[in-house]
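See below for the structure under consideration.
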2 protein chains.
Amino acid sequence: MAGRVTIKSIAKDLGISHMTVSRALSNHPNVLKETREAVQKRAQELGYVKSAAAMAMRGGGTKIVGLLLPNIVNEFYARFANTMALACEEHSYQLLIHLTNDDLKAESLALEGLREIQAEAVVMVPAPGGTESTSTHLDGMRVIQLIRQRKEKDPASAILVDDAPAIREAVQHLADKGHRHIAYIGADSALSSGRSRLASFRQGLAQAELPEETNLIQTGVPSFEMGREHTAEILQQKQATALICGGFEISNGALNAFMDASEQSAPQMSFVGYGDPSFYSWINGGISTIRVPVDRLARKAVDILVSSQTDGPSNPLTFEAQLVVRK
Amino acid sequence: MAGRVTIKSIAKDLGISHMTVSRALSNHPNVLKETREAVQKRAQELGYVKSAAAMAMRGGGTKIVGLLLPNIVNEFYARFANTMALACEEHSYQLLIHLTNDDLKAESLALEGLREIQAEAVVMVPAPGGTESTSTHLDGMRVIQLIRQRKEKDPASAILVDDAPAIREAVQHLADKGHRHIAYIGADSALSSGRSRLASFRQGLAQAELPEETNLIQTGVPSFEMGREHTAEILQQKQATALICGGFEISNGALNAFMDASEQSAPQMSFVGYGDPSFYSWINGGISTIRVPVDRLARKAVDILVSSQTDGPSNPLTFEAQLVVRK
DNA sequence: GTGAAAGCGCTAACAG
DNA sequence: CTGTTAGCGCTTTCAC
C-alpha cells in the first residue's frame, strides 16, 4: 500500500531506469523485446495506470470534454447526453457533465471548473440572458453552443435547430383541420430560439391567413411549471381550440395541464408538442410534435470535436426539425 | 496567445518570484497586502486558473467522481444522474459520466479511465455477471455500488433498494382485486437484484395462496426489448390477467407492448411497473408502480462521498421501495 | 516579507 | 539498446 504505482516504482522494482519503463510501456521501438515484455508484465501485475495529471502537465491533452445542460431529466437532454457519451467512449473521451439549471452563475462556475482541469472542449446549451462577457477567457477550450446561440458573431461553433419550417407546417396543419384559434407558448426573446420560434409561429398564422390573437400568445422563461400554468390559463379562457408549444419543458408542462384537465371534463384541444420523448407516441393514441433530430445533433457535436482538432470555428450547423403528425 | 497563464507568467509580468504569486493567490498571511492585491488583480485580468493537473500531481485530490450507468435515457437513471450532479455542484465535485450499457468490458474501460485521472470515487451500477476480479486494482478510488451488489463481502459501499415488501404487496394487491394468474418479468439470477425480486414475487404468491405458474415467470438479461417481447408472449398466451415487472427497462418495454396491443383490441391486463417515471402518472389514468426513492439514493451517494472521506466502507445502505397504486 | 530549491509522474532530447 | 537531465505548474521546506 505504499502509494501509487509509477514508472519509477516499477523501474526500481526491476532494477532498471524509469525511462526504459516508459519506453517499454509506450511500445517505443528502441527497447529489447525481452525487457519490454518483462516490464509490461510487471506493470500489469502491479495494476499500473498512467497518470493523466502528469500527461496533462506535459502538454498532452486531457481527453475530457464538458457538457453543460440545463438539466438532464428532460428526455431530450437525456438522449443528447446518452448519445454523446456513447460517441465519446468510442473516441476515448471522458464526458464531464455539469447541470446549469439555466442559471448564468452556475454556468460560469461550471466553465471555470472545466478550465481548471483543462478540458479540451465544452458542448453547452447557453443559459438565457448571457452576454459575450460571460464567456471570457476560454483558453484553448473549444466551445460548441447547442440549440441556442449566444452571439451571432461568436467565436464558438454552434449546432442549431431550424424549426421554422416545422412550426409553420404545424400551424398550417392545424388550420387545415379547421382550427381558427391557435395558441402558442414559448420562450421569451431573451433566447435566440425563443425569438425565432415565435416569429415562425406568426409566419405560420399569416400563411394560413389567421389573425394574431395576443392573449393566445404566451412567452416567458421556459420551464415545466411555466408551460403548465400558461396552458391552464389558455384552457380556462376557452378560446383556443389548439396549442403549439415551443420548448421541451414547456411542452411537458402543457401535457401535464391537459392530463389534469381531462380528468374532470374532456375539453379535447389539439396539441403539437416540442421534442419527441418516447412516450409521446403512446399516450392519447399519439401526440403530434415537432421532432428535433437529437441523435444527429449529438453525433455531430462529437464529430466536430474529433475532426476539427486544429480547425477554427466552423460555421453554425443547422439541423431541420420535423413535424410528426399523430393524434 | 503565448500559452497558458501560470503563476510563473504572472510573476515575470510583475517582476517578482512565482512563490510570492502562489502565496498571494492562496491568501497566505506572509504577503504584503499591497503585493497580494496587485497579484490578485493581475491574475483576474489575465484570466488565471489554477492547473488542476499540477494540483493532482502534488497529491491534492482531483474533486472528480465518476458515475457508471447502463444508460441515461431511462428516466430512473436520468433522475439519479440529475440529482447527483446537483449535489456534486454543491460540494464542488465534478461528475464524470460513463455509459456501460450493462457491458462488462465497457465497465472496466470506464473504471480504468477514471483511475487514470485519479477520480476520488465512483458510483456505479455494476454490470450483470461481473465477479470480484472485475474490480481489481481500484487504487485509492472509493467505490459505491448502486442498486445491484456484486459481492456480499465486497470492500465497497453499497446503496441498495429493498423492494421485497413492495413486490409482495403488489402481488397481494392484485390477488385482492381477484386476479388468479399473475405474471412476472424480471432480471435473471446473474443479478443479485434479479434473484431477490423474483424471490419476493414468489413469496407474494405464497402469501396470497396462489400457485406458481412457471410459464408466467420470465427472466433474462434486462432490457427494453426483453420486456417488450416477454410481455407480447404473455399477452398472446391469454392466461395471465395481471403482470408485475421487476426492472426499469423491462417495465417500459412491457408498457410499450401493452400500447401496441391495445391499438387493436383492449385486453386490459392489470399492470404494476417498476420505477416511477413522471409519465406513469398520466397515461391510462395512471400506472401502478413500484417506486424507488431515487432522489434519496442520489443524495445519499454524495453524502457518503463527502462525509466518509476517511472512513472505511460503510455498511450496505438500504432504502425501501414503495408500491404506488393508481390505475 | 520574499526567494530558491526540490519533487510530484511523465517524456523529449541528449548522452553513452 | 539504455541511462541522465530537464521541465511541465504547483506547494512545502528551508534560507535570507
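Note that these values count all heavy atoms, side chains included, but never hydrogens, waters or copies made by symmetry. Computed from a predicted structure; not experimentally measured. Quick note on labels: first sequence line is chain A, next is B, and so on, each numbered from 1.
Among the protein residues, Ser51(B) comes within range of the sugar-phosphate backbone only, with heavy atoms under 4.0 Å from sugar or phosphate atoms but none that close to a base. Among the atoms of the strands shown, only primed sugar atoms or phosphate atoms (P, OP1, OP2) are found under 4.0 Å from some heavy atom of Met55(A).
The nearest whole Å value for the distance from the CE atom in Met57(A) to the C1' atom in dC8(D) is 4 Å. Computed from coordinates, the Ile10(A) CD1 to dT11(C) P distance equals 11 Å when rounded to whole Å. The interatomic distance linking Ile7(A) (CD1) with dA12(C) (P) rounds to 11 Å, in whole Å. Separating the NZ atom of Lys12(B) from the P atom of dC8(D) is a distance of 10 Å, rounded to the nearest angstrom. Distance, Leu46(A) CG to dG9(C) C1': 16 Å, rounded to whole Å. At whole-Å resolution of the value, NZ in Lys8(B) and C1' in dA6(D) are 11 Å apart. Rounded to whole angstrom, the span from the NE2 atom of His18(B) across to the C1' atom of dG9(D) amounts to 8 Å. Atom pair Arg115(A):CZ and dG9(D):C1' shows a separation of 15 Å (rounding to whole Å applied).
Here the CD1 atom belonging to Ile97(A) is positioned 3.5 Å from the CD1 atom belonging to Ile97(B), to the nearest 0.5 angstrom. Atoms CD1 and CZ, from Ile16(B) and Arg42(B) in turn, are 11.5 Å apart once rounded to the nearest 0.5 Å.
A salt bridge links Arg150(B) with Glu107(B): at least one charged nitrogen is closer than 4.0 Å to a carboxylate oxygen.
Listed candidates were dT11(C), dC8(C), dT2(C). Nearest to the side chain of Thr20(B) is dT2(C). The Lys50(B) side chain lies nearest to dT11(D) when the options are dT11(D), dG9(C), dT4(D). Nearest to the side-chain atoms of Thr35(B) among the listed nucleotides dA6(D), dC10(D), dT2(C) stands dT2(C). Each of dG3(C), dC10(D), dG7(D) was ranked by its minimum atom distance to the side chain of Ser17(B); first place goes to dG3(C). Comparing dT11(C), dC8(C), dG3(C) against the side chain of Met19(B) picks out dG3(C) as the nearest.
Mapped onto DNA chain C by nearest heavy atom, Ala54(B) and Gly15(B) fall at different nucleotides, with Gly15(B) at the one closer to the 5' end.
Gln40(B) is linked by a side-chain hydrogen bond (donor to acceptor under 3.5 Å, both in side chains) to Asn27(B), counting only residues two or more places apart in sequence or in another chain. Every side-chain hydrogen bond (donor to acceptor under 3.5 Å, both in side chains) that Asp295(B) has, sequence neighbours left out, goes to Thr83(B).
If you check residues 23-33 of chain B against DNA chain C, the residues with a heavy atom closer than 4.0 Å are Arg23(B), Asn30(B), Val31(B), Leu32(B), listed by number.
Classified by interplanar angle (parallel below 30°, tilted 30° to 60°, perpendicular above 60°), the ring pair Tyr77(A)/Phe248(A) is perpendicular.
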Q.
Using side-chain contact (heavy atoms from CB on, under 4.5 Å), reason through Val161(B) and Leu297(B) one step at a time and then give a plain yes or no.
A. CA-CA 9 Å; Val161(B) 175; Leu297(B) 296 187; 3.9 Å; yes
